[in-house]
Amino acid sequence: MTTTPDAAARPFAAPTPAGGSRIIGTGHHRPERIMTNHDLEQLVETSDEWIRQRTGIEERRIAADGVDVGDLAAIAGRNALADAGVDASEVTQVIVATCSNHERSPSAAGRVAQQLGIPAPAAFDVGAACSGFEHALAVADMSIRTGASTTTLVIGAEKLSAVTDYTDRTTCILTADGAGAMVLRASEEPGIAPVVWGTVTELADAVTINGEGPAFSQQGRQVLGWALREAPKISRRIVEAAGLTMADIDVFVPHQANLRMIEPLAAALDLREDAIVADDIITSGNTSAATIPLAISRMREAGRIPAGATALLVGFGGGFSWAGQVVRLP
């Protein structure tokens, strides 16, 4: 096969990029079943006081048998579309961040498209554990910027109860199930700042989920030490990448891993006194990739976040991956 010099030199057709993307709607879903700390006292040697002191968690939600990650994600996605006033037929891309989907194929995103009746979208999962949603949000934003998508549904969804060992009191007190979602659309004025992300390879085994059985485990002290030492630096880098300062941040939404981690992290940043710090961990528990969008949706629903607020998102955990960006909320 031969090519002419002109053909060989011809550039690829470039997509027409949008100015950026913006979030136009949010939604969430939490299973009906509430598991309190007192319920856990019946399963493992622990106490309500011990759990509150060490994690700040009072209760968490647990999905029923037969309910999967795709089911949780679909409900959150449907709620986000309703909030955005967008029909499922308008969605061109679905991305689900999860580390607990039991199906290798189809993806949870494919199940969402199937359940919501989204016709022929690009649909795939992102597996970066606790920072998965921020990774997915970045991919969605880039897709829209390059013209590969016009309307993207981004979801964080987990059924961590399926991978939790309820005889291990160091981990079962943390994990929970739930989903949070956002709808992104092309916008002349960007509403999502550049992502800042990375991986701490030496901590790859600090948080793991093995392939079989109840298999979630973590080295809590290592994770806490890293978060208190490095997360403030990363948070500042994320804000700088947006061309802003901490004084511009209205809402701080870190991964809802542990309230005793969130509080000192927020204190280490030069946030305004009136800045809102997400504390959804108290009643939702740790839902890994779902924590940040779940917290934002619930805070918006409760009227805690003003329209157009500027939010700093920072996720970190399993892998050991981290990622974040500054976004403008609806």
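Computation of the quantities below employed the complete heavy-atom set of this structure, encompassing side-chain atoms and omitting hydrogens, waters and symmetry-equivalent molecules.
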Worksheet entry | Distance in Å, T92 OG1 paired with R185 CZ, rounded so as to fall on 0.5 Å steps | 9.0 Å
Worksheet entry | Pair E158-T98, side-chain donor/acceptor within less than 3.5 Å | yes
Practice prompt. Could you walk me through whether N101 and V96 pass the side-chain contact (heavy atoms from CB on, under 4.5 Å) test, one step at a time?
Written response: CA-CA 10 Å; N101 187 27; V96 174; over 6 Å; no
Worksheet item: Does S161 offer a backbone N or O that forms a donor-acceptor pair with the side chain of D177 under 3.5 Å?
Response: yes
Please tabulate, one pair per line, all N/O donor-acceptor pairs under 3.5 Å involving side-chain atoms of residues 315-330, not counting sequence neighbours.
| from | atom 1 | to | atom 2 | distance (Å) |
| --- | --- | --- | --- | --- |
| S321 | OG | A128 | O | 3.0 |
| S321 | OG | S131 | OG | 2.7 |
| S321 | OG | G318 | O | 3.3 |
| Q325 | NE2 | E134 | O | 3.2 |
| R328 | NH1 | T310 | OG1 | 2.4 |

Item to complete: Please report the closest heavy-atom contact between A181 and A80, naming both atoms and the distance.
Response: CB-CB, 3.8 Å
Fill in: Non-neighbouring partners of D279 that pass salt bridge (charged side-chain N to carboxylate O under 4.0 Å, His left out), sequence neighbours left out
R304
Worksheet item: Do NZ/NE/NH1/NH2 and the carboxylate oxygens of R111 and D68 come within less than 4.0 Å?
Response: no
Discussion item. Side-chain heavy atoms nearer than 4.5 Å, only ILVMFWY residues, links allowed to pass through others: does that put V314 and L265 together?
Written reply: yes
Worksheet item: Hey, is D250 close enough to R272 for a salt bridge, meaning N to O under 4.0 Å?
Response: yes
Worksheet item: How far apart are the closest heavy atoms of E58 and R52, and which atoms are they?
Response: OE2-NH1, 3.2 Å
Item to complete: Check salt bridge (charged side-chain N to carboxylate O under 4.0 Å, His left out) between E301 and all other residues, then give those that pass, not counting sequence neighbours.
Response: none
Item to complete: Might you confirm whether atom CG of D65 has over 12 heavy atoms from other residues, nucleotides or ligands at distances under 6.0 Å?
Response: no
Worksheet item: Among all residues two or more places apart in sequence or in another chain, which pass the ring-ring contact (aromatic ring centres under 6.0 Å, His included) test with H135?
Response: W197
Discussion item. Given 3.5 Å as the limit, does a donor-acceptor pair link the side chain of N37 with the main chain of I51, or not?
Written reply: no
Worksheet, complete the sentence: With sequence neighbours left out, the residues meeting side-chain hydrogen bond (donor to acceptor under 3.5 Å, both in side chains) with S217 are T208
Worksheet item: Side chains of T151 and E90: donor-acceptor distance under 3.5 Å anywhere?
Response: no
Discussion item. Checking the side chain of R22 only, and the main-chain atoms of E189 only, is there a donor and an acceptor separated by less than 3.5 Å?
Written reply: no
Worksheet item: When you look at R169 and T46, which way does the side chain to side chain donor-acceptor pair (under 3.5 Å) test go after all the steps?
Response: CA-CA 7 Å; R169 73 171 186 167; T46 190; 5.3 Å; no
Fill in: Atom of D83, atom of G25 and distance for their closest heavy-atom approach
OD2-CA, 3.2 Å
Discussion item. Just to verify, what does S89 make a side-chain hydrogen bond (donor to acceptor under 3.5 Å, both in side chains) with, not counting sequence neighbours?
Written reply: D87
